[in-house]
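Okay, structure first, notes after.
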Amino acid sequence: MSSRYNARTVEPKWQKIWEERGDFRTATDNAAAGKPKYYVLEMFPYPSGRIHMGHVRNYTIGDAIARYRRARGYNVLHPMGWDAFGMPAENAAMEKGVHPKGWTYDNIAAMRAQLKSIGLAIDWSREFATCDPDYYGQEQALFLDMLEAGLVTRKKSMVNWDPVDNTVLANEQVIEGRGWRSGAVVERRELTQWFFKISEFSDELLEGLDTLTHWPEKVRLMQKNWIGRSEGARVFFPVEGVPGGKDYRLEIFTTRPDTLFGASFCALSPHHPLTEELAKDNPALQDFIRQCDRIGTSEEAIEKAEKLGFDTGLKARHPFIEGKTLPVYVANFVLMEYGTGAIFACPAHDQRDFDFAKKYNLPILPVVAPKARLGDAAWAEELVAGEDAFTGDGVAINSGFLDGLDVASAKRAAIEKLEALGLGEGTVNYRLRDWGISRQRYWGCPIPVIHCEACGTVPVPRDQLPVTLPDDVTFDQPGNPLDRHPTWKHVDCPTCGKPARRETDTFDTFVDSSWYFARFIAPDAKTPTDRALVDQWLPVDQYIGGIEHAILHLLYSRFFTRAMKRVNHVAVEEPFTGLFTQGMVNHETYRDAEGRWVSPSEITIETVDGKRVAKRLDNGAPVTIGSIEKMSKSKKNTVDPQDIIAQYGADTARWFMLSDSPPDRDVQWTDQGAEGAWRFTQRLWRLVTEKPETFGSVNAPVPASFSDAEMALRRATHQTLAAATDDFEHMRFNRAVARVYELANAISAFNGTGETAGWVRREAIEILVQIVGPMMPHLAEECWEALGHDVPLTATEWPVADKALLVEDSVTIAVQVNGKRRDELTIARDADKETVERAALALEKVEKAIDGKPVRKVIIVPGKIINIVV
RNA sequence: GCGCGAGUGGCGGAAUUGGCAGACGCACCGGAUUUAGGUUCCGGCGGGGUAACUCGUGGGGGUUCAAGUCCCUCCUCGCGCACCA
């Protein structure tokens, strides 16, 4: 009776049944549900208009977890929403003349339909978009709470300025130092902006990392380095000749006070107050600053740029060496945002200082020598003549009272001395800077403040929230449409009633994504969160998303959760108990004879003489097969999930996404892999439906005894179940898939007949279908129904492995001689070491390998290996 | 430039705390059945060697009875770098 499995009809059928049954609507009041809660969340998507394979992978992983946890008896919360503010909507408005709002909501509608076709176990009743006034209004309320709590500040910071378009550019809009549209050389410009005081949480955020034991170690390490706690010293260098500053003391931060005796110059950031003071009547310095400002604002650009300096002519007095002075430079690699915006440089022991000293012929004096080369004059010569600074541990030399101390002791001694002299102190510095949240853009959440000439910055009164975006805006010119809107920004001051001006900047979209996980718990609450409910549901038990968010999004969310706790909107400090970072989806690239990228859908591949050869489908022109890279529009190596779903069904796409690669690594999408996944869907369907008469009846009693072959299949079944369950617990879906194949092979190979065999066969196939359930839910439901069940799989509990069937009576272990495998031995599991040793030594191949030589040692690892050393 | 991670057959990968390298899948090769075909089933499949055996986890070195796994070093690729999301 078996016929082909038709995903096209089966998948919508089950999606409809699940929806009608309300299987995935979560009982909001978990306490009443009487089950443990489990909150699983994937990073919500930006509504670009179409889902891509990265989404399919992300949401399939999350869905498998959600369905597995549901089967394990948890009350699962698995919501979905849209990270809907951001630049692409404004770009579309400029390029296509569509309104960002219409464009965004149209995209959401299209992507929602696509996501639903994947068959995700999502509670769609909780869906929202961050551009819904209801959501961003609550975000404004949160901001006001944080403002009142002193967590917000205003200060000056640098932006990329396009002098032709007269607009602020994002870093990604600066290409090789030029504006992406105008092509003009970009300048740095100072702007007063809003900031969250995340730097006040540096220590807390750092220490909190230790509690995140279910996060990848690499993410914790990246965050730790990003926060960048470093112990060091503030040192004051008295500077002579500062105009109008008689006793000017230059404050610098250093992590290496032990190298002070090797100092050869001081350097100021181009935006250090002293630099700006000096530049006032120094046109050459003004030019130099302008030159530095052309590098752009990204740290990457600044660090990669050639090191340049400007000698101010000022001299700084060395704190330890009487009479010694150091030249004071302005240098392009000194960041105003880090430390004090000024450094002292010890070229011998810092690579950047070293490069700079070489370029400007400044002295390089080694003051730390590696232990092994202490007192070796040649070492110092090599260092100075070479290209690399010595940054390792060693012993202080040429350093007066520090001589002979190791680096750590020398640091302590130097700080003590500085403190005694009143020329410095030990201090802790962090790399983490405050979070600038002002964006000079339209499509974002308006910052709810009003600027009044008399009253200063005044919060928008709560009863006037949300401050909504005006719809009547134009995108025919660059710049912020809110700022040039004829009426929107003109309001009366809420305090004094005089004419005032709305803040026209909007929030960084990272603000929107820093608390959405809390909003899903009560998406309609009239306050940002519903405390009774968030206390039940937070933190998120398992969060899943791309590794590219390892630092910013996750750090901002951690900060925001702490800030929300301070203003009593949540009880927890950490938002995500478990974090899983999935890899990317890659695909081969193709180019035609002219080097233009060609899409996979435009070509066909054949194997000629064992080699894969590609050509265009339309005209047969040859196409070169290139490297495997991350799917991207620019390289045209994308595969549209909708095409795959239309051709093979969602289950095939899901299965492929989970089957081959470990989820935290990159996966390569291949047509053959997709076909292989599709073939397995057909195979499972055949296994279930081909010979229904060979299965026992549903709910038949357990037979009294089993044959050896029947026991073997039962063992395979329960061992697979135990192992696959463990794999699900650890998100090792690729291993679970491999075990599914093994069990399927065992079921196919089992040829027992009769009632008992039928019972065993049914047990095996049912467990197989249940394991497949979280991964290919539609197919599994259809199989489950075909096996005679009335209750859908989504409402069926996860099976439990019979522990008695997990252990074998005998084990096969390898026998090595001098570490090389010579034979194997099958022996009772509980055999003692002597028995094992005697049996191993008696093996013919082992005897031959020993070759009469004396046995020195026999290593027996029970159940694993025997190694005979001769 | 700085920080982080990853390298195992033709390909994706598997391998408890160091304990039989290559499970499982894809591709490929051979056979059977059938069809108009990509279907299905059976067998083979890291390199060298007739074989005994031997070499093999990015390169080089080390620790160990035993190393894909631990240590040192080098190379390649990927991610992040604060206004992309």
Side-chain angles (χ1 to χ4, degrees), chain A residues 4 43 45-46 48 83 85-88 159-160 168-174 193 198 216-219 221-226 228 297-305 307 333 337 351-352 355 431-441 508-510 513 546-553 555-556 581 583-584 586 607 610 612 627-630 659-662 664-668 670 672-677 679-680 682-683 686 734-735 737-742 745 748 812-821 823-824 848 856-859 861 863-870:
Chain A
R4 259 180 154 204
M43 289 179 186
Y46 179 79
S48 58
D83 190 12
F85 277 134
M87 291 205 306
V159 294
N160 298 306
V168 176
L169 298 178
N171 283 337
E172 73 158 8
Q173 297 173 316
V174 180
Q193 314 215 59
I198 188 171
E217 189 55 44
K218 61 178 170 182
V219 175
L221 192 55
M222 277 191 263
Q223 292 216 350
K224 183 181 173 220
N225 291 335
W226 185 262
T297 58
S298 83
E299 193 171 311
E300 182 188 3
I302 292 167
E303 295 233 350
K304 273 187 181 166
K307 289 168 187 49
F333 65 90
E337 292 85 2
Q351 193 60 44
R352 287 181 305 186
D355 297 343
R431 208 183 77 97
L432 182 65
R433 311 198 292 259
D434 280 336
W435 172 14
I437 49 172
S438 298
R439 297 292 181 270
Q440 296 69 44
R441 281 184 243 292
D508 175 7
T509 55
F510 274 125
S513 56
I547 183 68
E548 67 273 20
H549 295 292
I551 296 174
L552 292 180
H553 163 59
L555 191 63
Y556 290 151
T581 54
M584 292 178 307
N586 300 338
T607 306
R612 296 171 66 242
S627 59
I628 295 151
E629 301 194 39
K630 177 184 177 176
S659 63
D660 264 6
S661 296
D664 55 344
R665 272 211 232 162
D666 287 0
V667 65
Q668 191 198 344
T670 61
Q672 294 93 322
E675 271 170 35
R679 273 204 300 274
F680 182 71
Q682 297 299 333
R683 185 174 168 212
R686 276 200 313 275
N734 57 318
R735 299 210 314 193
V737 166
R739 295 183 208 285
V740 163
Y741 280 117
E742 280 171 332
N745 290 344
S748 296
T812 301
I813 52 182
V815 183
Q816 297 179 335
V817 177
N818 280 350
K820 285 196 174 129
R821 183 184 183 279
D823 203 353
E824 60 182 29
K848 196 180 152 202
R856 289 231 319 264
K857 203 172 178 190
V858 179
I859 293 145
V861 183
K864 282 185 183 159
I865 206 159
I866 303 160
N867 192 7
I868 299 159
V869 186
V870 298

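The chains referred to below are lettered A, B, ... by the order of the sequence lines, with proteins before strands, and numbering in each begins at 1. Keep in mind that the numbers below use all heavy atoms, side chains included, and drop hydrogens, waters and symmetry copies. No experiment lies behind these values; they were computed from the predicted model shown.
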query = Looking only at atom P, what distance separates B/A36 and B/A23, rounded to whole Å?
reply = 37 Å
request  = Please state the C1' separation for the pair B/A21 and B/A66 - nearest whole angstrom.
outcome  = 14 Å
query = In whole Å, what separates the P atom of B/G1 from that of B/G10?
reply = 33 Å
key: Rounded distance in Å - CZ (A/R683) to C1' (B/G25)   = 11 Å
key: Between B/C11 and B/C65 - C1' atom distance, rounded Å   = 36 Å
ask   = When the nearest nucleotide of RNA chain B is assigned to A/Q682 and to A/I859 on a heavy-atom basis, which residue is associated with the more 5' position?
value = A/Q682
remark   = Taking for A/V737 and for A/Q351 the nucleotide of RNA chain B with the nearest heavy atom, the one nearer the 5' end belongs to A/Q351
ask   = Do the side-chain N or O atoms of A/N867 get closer than 4.0 angstrom to the phosphate oxygens (OP1, OP2) of B/U64?
value = no
inquiry  = Measuring from the side chain of A/I865 (C-beta onward, heavy atoms only), which nucleotide among B/U54, B/U39, B/G19 has the closest atom?
reply    = B/G19
ask   = P atom, B/G13 versus B/G78: distance in rounded Å?
value = 16 Å
query = Hey, is B/G56 sitting syn or anti, using the within-90° cutoff around 0?
reply = anti
message = Please give the distance between the C1' atoms of B/G5 and B/G58 as a whole number of Å.
response = 15 Å
inquiry  = Just the rounded figure in Å: distance from P of B/C11 to CD of A/Q672.
reply    = 14 Å
ask   = For A/I868 and B/C20, what is the distance between atoms CD1 and P respectively, to the nearest whole Å?
value = 16 Å
ask   = To the side chain of A/M584, which of B/C79, B/C20, B/A27 is closest?
value = B/C79
ask   = For B/C28, which nucleotide is its Watson-Crick or G-U wobble mate, given both distances must be under 3.5 Å?
value = B/G44
ask   = Is A/W435 close to A/L555 at the side-chain level, that is, under 4.5 Å between some pair of heavy atoms?
value = no
inquiry  = Using whole Å, what does the distance between atom C1' of nucleotide B/C79 and atom CG of A/D664 come to?
reply    = 13 Å
note = For A/R665, the salt bridge (Lys or Arg N to Asp or Glu O under 4.0 Å) test, sequence neighbours excluded, returns none
message = Rounding to an integer number of Å, can you tell me how far A/N586 CG sits from B/C77 P?
response = 15 Å
request  = Could you let me know what B/C20 is paired to, Watson-Crick or G-U wobble, both distances under 3.5 Å, or none if it's on its own?
outcome  = none
request  = Would you name the heavy atoms of A/I198 and A/R433 that are closest together and state the gap between them?
outcome  = CG2-O, 3.2 Å
query = What's the CZ-P distance between A/R739 and B/U16, to the nearest Å?
reply = 10 Å
key: Heavy-atom protein contacts under 4.0 Å, nucleotides 80-85 of chain B, coded B base, S sugar-phosphate only, - none   = SBBBSB
key: Nearest-angstrom distance, P atom, B/C55 to B/C4   = 37 Å
ask   = At under 4.0 Å, does any side-chain N or O of A/R821 touch on OP1 or OP2 of B/A66?
value = no
ask   = Under 3.5 Å, is there a donor-acceptor pair between the side chain of A/Q816 and the main chain of A/I868?
value = no
request  = Give none if B/C84 has no partner; otherwise give the nucleotide forming a Watson-Crick or G-U wobble pair with it, both distances under 3.5 Å.
outcome  = none
ask   = Quick check: does any side chain N or O of A/E303 sit under 3.5 Å from a backbone N or O of A/E300, one acting as donor and the other as acceptor?
value = no
inquiry  = Does either side chain, that of A/N160 or that of A/T297, offer a donor lying less than 3.5 Å from an acceptor on the other one?
reply    = yes
task = Check the distance between B/C41's P and A/F680's CZ and give it to me in whole angstrom.
result = 12 Å
inquiry  = My understanding is that a pair needs two contacts under 3.5 Å, Watson-Crick or G-U wobble. By that rule, which nucleotide pairs with B/G5?
reply    = B/C77
ask   = Between the side chains of A/D660 and A/N734, is a donor N or O closer than 3.5 angstrom to an acceptor N or O?
value = no
ask   = Using atom P of each nucleotide, how far apart are B/A6 and B/U54 to the nearest Å?
value = 34 Å
key: Side-chain N,O (A/N734) to OP1/OP2 (B/G13) below 4.0 Å   = no
message = With rounding to the nearest 0.5 angstrom, report the CE to CD distance, A/M87 to A/Q173.
response = 4.0 Å
inquiry  = Given the structure, check if the side chain of A/K864 and the base of B/U16 hold any donor-acceptor pair shorter than 3.5 Å.
reply    = no
note = Between A/I859 and A/V869 the two heavy atoms that sit nearest each other are CD1-CG2, 4.3 Å
request  = Return the value, rounded to whole Å, for the distance between atom CD1 of A/I813 and atom P of B/C20.
outcome  = 12 Å
